[in-house]
Amino acid sequence: MENINELKSLLSIPKDIVITTHRNPDGDAIGSSLGLRHYLEQLGHTVKVAVPSEFPHFLNWMPGTKDILVYDTGQEEVKKALEKPDMVFCLDFNSLERIDKMGELIAQLKTKIVLIDHHLYPEPFYDFELHDVTASSTSELVYDFINLLGDKRLINLNVADCLFTGILTDTGSFKYATSPKLFRLVADLLELGVDDNRIQNLVFNSLEEKHLRLLGHVLDNRMEVLDEYRTAIITLTKQDYEKYKISRGDTEGLVNYLLQMSNVALAIFIHEQPTITKISLRSKGNFSVQEIAKKHFRGGGHKNASGGYSYIGLRPTVKKFKSILPEYKDLLLNNDL
Ligand code: 5GP
Ligand code: MN
C-alpha cells in the first residue's frame, strides 16, 4: 500500500468514518466491514457501517450487526451518515456502481476514500488502496491492513470473529483461494480465541426446513445440464420465491452444487429479483467467468466466481446465455479440471 504513512497520520485523529460494502452483502462483505469497524473504534473513531441492501440472516450473530445501516430499508439514516463523513472505507467491491444509489452519494463527497478489495480491475474512485486479487477475501486484507498500520495488538476477539467469518465464507470453508500465508493468518485468529467450530455451525448449519426443500426442488426441477458445454444452469422464478417463502440471501450457495458434478466446468444460476434478473457464475480451473460477466452481463468479480445482471427477464436471459455458450465451447472443453 502506497501512502501508508499519510493514511496513518489521518487515522491518528478521531474521525467520523463510514464503511460501506457491496449490495447483497455476503459473509466477507459484512465480516470485513465489522472487523474493520471494531478496529477503528479502538483508535477513537466514530464508525458507521452502511450497506445498500439487507444481509443474510445467518450473519445476525456477528458483533455489531444490529447497528448496520441498510439503504433499502433506511434511506434517510444512510443519507445522513454520508452527508459529510471525514473518511469513507469501501470494502469488497471495485466500482461505485456496485453500491447503487449510495455510489452517487459517495461520488459527490470531497472526503478521502480508502479501498480494500480483492476483485479484478478496480475503477479509480479512491485515494488509498489495499488491493490484491490473490487474497482469499477482503477480510484477509483487513487483517493485513491493521498489520501494516502496526496495530496487530488491536486485533481482539471481536475483530478476529468477524475476519474469520469473512475468510470462511469467501473460501467456501477453505476450499478456494487459500495459501500458506492465509493458513498462518487463520492460525493467529484461532490463537486469539476464535471458535471455528462454533462459527461453522452458526454460518452453515443454520438453515430452516424450507431451505432444504428449496434445494431439493431446484436440483430436481430447475436444473439443466448441457454436457456438450460442460455447463449446468439453474433458474428460479418469482413464483418459486413466493412458493418457498424465500428471500434473496436464502439462495446463497445454490450455484456451487453444480460444480460438484465432475464434468461441469461452468455453473450458472439465474434468478428473478424485483427489478433485475440476477446471474451468478462459478467455474473450475482456468476458465474465467469474470470475462463472461463483464462482456455480456454488466458484471464482474473473480476468475472463478462472478456475477452480473440483465433487464430482459428470466427466460430471455437464459436464452441469451445459451446463445453465447458456443463462443466459449473450446475453452470449456479444453479446460483442465
Ligand atoms: P455472487 O454470485 O455470489 O452474487 O457473486 C460472486 C462474485 O461476483 C462476488 O465476488 C461479487 O462481488 C461479484 N459480483 C456479483 N454480482 C456482481 C455484479 O452485478 N457486478 C459486479 N461487478 N460483480 C458482481
Ligand atoms: Mn470478498
Side-chain angles (χ1 to χ4, degrees), residues 19-36 51-56 58-59 89-100 103 115-123 125 130-145 162-172 175-178 182 233-236 248-259 266-273 275-283 288-311 317 321:
I19 300 173
T20 184
T21 187
H22 60 81
R23 87 169 81 93
N24 298 340
D26 54 14
D28 187 33
I30 297 296
S32 60
S33 297
L34 291 176
L36 181 65
V51 303
S53 63
E54 285 172 289
F55 53 87
F58 60 77
L59 300 174
F89 279 77
C90 293
L91 266 53
D92 203 37
F93 67 94
N94 57 4
S95 139
L96 286 180
E97 200 245 11
R98 295 271 292 139
I99 53 172
D100 305 333
L115 176 92
I116 304 181
D117 181 45
H118 67 137
H119 291 90
L120 292 160
Y121 314 123
E123 288 176 7
F125 61 87
L130 182 59
H131 185 264
D132 181 358
V133 297
T134 69
S136 66
S137 54
T138 299
S139 297
E140 176 180 349
L141 292 174
V142 167
Y143 180 97
D144 293 344
F145 178 72
C162 294
L163 299 185
F164 181 85
T165 304
I167 292 166
L168 181 73
T169 53
D170 251 30
T171 60
K175 284 199 292 286
Y176 328 115
T178 60
L182 177 75
I233 308 181
I234 49 183
T235 51
L236 270 186
R248 272 198 230 172
D250 295 339
T251 58
E252 180 98 25
L254 278 183
V255 65
N256 295 314
Y257 283 93
L258 301 176
L259 289 185
L266 169 61
I268 307 169
F269 174 39
I270 304 178
H271 57 126
E272 284 180 315
Q273 288 188 356
T275 54
I276 56 169
T277 300
K278 181 76 193 139
I279 299 156
S280 280
L281 302 174
R282 301 289 185 272
S283 65
S288 171
V289 283
Q290 197 273 342
E291 280 170 41
I292 303 187
K294 191 171 160 75
K295 184 167 170 197
H296 299 283
F297 299 103
R298 305 160 188 261
H302 312 279
K303 187 173 86 177
N304 295 123
S306 281
Y309 57 95
S310 78
Y311 290 113
T317 303
F321 219 115

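The structure displayed is predicted, hence computed values, not measured ones. Remember, it's 1-based here, ligands and their atoms both numbered in the order they're listed.
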- Query: Which protein N, O or S atoms lie under 2.8 Å from the Mn ion (ligand 2), given by chain and residue number?
  - Reply: D28 OD2, D92 OD1, H118 NE2, D170 OD2
- Query: Of all the atoms in ligand 1, which lie at a distance below 4.0 Å from a heavy atom belonging to Y309?
  - Reply: 19 (O)
- Message: Which label fits F145 and F89: parallel for a plane angle under 30°, tilted from 30 to 60°, or perpendicular past 60°?
- Response: perpendicular
- Would you say the side chains of S139 and D28 form a donor-acceptor pair under 3.5 Å? yes
- For atom 23 (N) of ligand 1, what is the nearest protein heavy atom, given as residue, atom name and distance? G300 O, 3.1 Å
- Task: Could you tell me which atoms of ligand 1, counted from 1 in the order shown, lie closer than 4.0 angstrom to a heavy atom of R23?
- Result: 19 (O)
- Query: Would a distance-only check, ignoring hydrogens and angles, find a side-chain to backbone donor-acceptor pair under 3.5 Å from T20 to C90?
  - Reply: no
- Item | Exam field: side chain K278 to backbone G308, donor-acceptor pair closer than 3.5 Å | yes
- Of I99, L36, V51, which is the lone residue that meets side chain to side chain contact (heavy atoms under 4.5 Å, CB included) with T21? V51
- Task: Mark yes or no for whether R282, through its side chain, and Y257, through its backbone, hold a donor-acceptor pair below 3.5 Å.
- Result: no
- Message: Suppose we screen for ring-ring contact (aromatic ring centres under 6.0 Å, His included). Which residues come up paired with H119, at least two apart in sequence or across chains?
- Response: H302
- When you look for heavy atoms under 4.0 Å from ligand 1, do you find them on the side chain of H302, its backbone, both, or neither? side chain
- Note on the structure: Among non-hydrogen protein atoms, atom 9 (C) of ligand 1 lies closest to H119 NE2, 3.9 Å
- Query: Touching ligand 1 at all, R282? Heavy atoms, strictly under 4.0 Å?
  - Reply: yes
- Parallel under 30°, tilted from 30 to 60°, perpendicular over 60°: which one fits the rings of F269 and H271? parallel
- D117 side chain vs F93 backbone, donor-acceptor pair below 3.5 Å: yes
- Does E272 CD have over 12 foreign heavy atoms under 6.0 Å away? yes
- Query: Out of curiosity, is A305 lining ligand 1, as in a heavy atom under 4.0 Å away?
  - Reply: yes
- Answer yes or no: is there a donor N or O on one side and an acceptor on the other, between the side chain of S283 and the main chain of S288, under 3.5 Å? no
- Message: Taking a cutoff of less than 4.0 Å between a non-hydrogen atom of the residue and any ligand atom, is K294 in contact with ligand 1?
- Response: no
- Message: Side chains of T165 and L34, heavy atoms from C-beta outward: is any pair under 4.5 Å?
- Response: no
- Query: What protein heavy atom is closest to atom 17 (C) of ligand 1, reported as residue, atom name and distance in Å?
  - Reply: R98 NH1, 3.1 Å
- Task: Report yes or no: does a heavy atom of E252 sit under 4.0 Å from some atom of ligand 1?
- Result: no
- Note on the structure: Ranked by distance from atom 4 (O) of ligand 1, the top protein heavy atom is S280 OG, 3.7 Å
- In ligand 1, the atoms that come under 4.0 Å of a heavy atom of K278 are 15 (C), 16 (N), 17 (C), 18 (C), 19 (O)
- Query: Among protein heavy atoms, which lies nearest atom 15 (C) of ligand 1, and at what distance?
  - Reply: G307 CA, 3.4 Å
